[in-house]
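Inspection log for the structure reproduced underneath, given as structure tokens.
Quick note: numbers below take in every heavy atom, side chains included, and nothing from hydrogens, waters or symmetry partners.
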Amino acid sequence: MPVNLSGGAKIWECTEDLLQYLAKSIKPQYWDGKRVLDLGCGAGLLGIYAYRCGAVVHFQDYVSRIEQIYQYIYIHYIKSKEINFPHLF
């Protein structure tokens with residue numbers, strides 16, 4: 001499936017900083033079983049981080065094809081564990 005990642009699948013400039021902050025400030029066990037809404041999620045890296053720590057995550061952004069994009073990301077990266085945060089885990 002060709003995927004156009006313009007618009008809602010952006011990786012924001014502050015994402016790396018926030019990932020680092022979350023990893024240093026909050027133990028991964030904190031996320032276990034938490035419900036997270038990643039609103040305006042862009043590429044969803046923060047939600048993916050919370051998911052990998054055990055949270056139930058709902059991704060939401062404004063793109064007409066967002067459901068298809070996130071199905072693609074889930075199948076190809078999350079489910080296969082190809083997205084890594086080696087400096088955070």
Side-chain angles (χ1 to χ4, degrees):
M1 170 179 94
V3 177
N4 178 357
L5 296 178
S6 64
K10 180 175 178 60
I11 297 176
W12 297 101
E13 294 80 11
C14 62
T15 299
E16 178 71 22
D17 295 331
L18 187 50
L19 280 169
Q20 296 264 349
Y21 173 79
L22 292 173
K24 289 178 185 175
S25 303
I26 301 173
K27 293 181 181 180
Q29 299 86 338
Y30 168 83
W31 299 102
D32 194 34
K34 296 280 195 270
R35 294 176 59 176
V36 174
L37 173 61
D38 193 351
L39 189 60
C41 59
L45 294 181
L46 295 168
I48 292 169
Y49 173 75
Y51 173 81
R52 295 278 305 271
C53 291
V56 175
V57 182
H58 297 273
F59 298 91
Q60 188 67 41
D61 210 321
Y62 182 75
V63 170
S64 61
R65 294 182 59 207
I66 200 70
E67 186 176 325
Q68 290 174 310
I69 291 169
Y70 286 114
Q71 280 180 336
Y72 180 87
I73 290 170
Y74 176 77
I75 291 168
H76 290 87
Y77 298 102
I78 298 173
K79 192 173 179 183
S80 68
K81 306 277 189 205
E82 288 183 27
I83 291 181
N84 288 314
F85 301 99
H87 57 290
L88 302 178
F89 287 102

Nearest heavy atoms of [X] and [Y], plus distance in Å:
X   : Y   : value
G47 : V57 : O-CG2, 3.4 Å
F59 : G44 : CE2-O, 3.5 Å
I26 : Y49 : O-OH, 4.5 Å
L45 : L19 : O-CD2, 4.1 Å

Checklist entry - In the hydrophobic clustering that connects Ile, Leu, Val, Met, Phe, Trp and Tyr at side-chain heavy-atom distances below 4.5 Å, which members other than L37 occupy its cluster, ordered by chain and number? => result L39
Next on the checklist: Distance check, rounded to the nearest 0.5 Å: Q60 atom CD versus D38 atom CG?
Outcome noted: 10.0 Å
Item to check | Working for side chain to side chain contact (heavy atoms under 4.5 Å, CB included), residues V36 and Y51 | outcome: CA-CA 9 Å; V36 174; Y51 173 81; over 6 Å; no
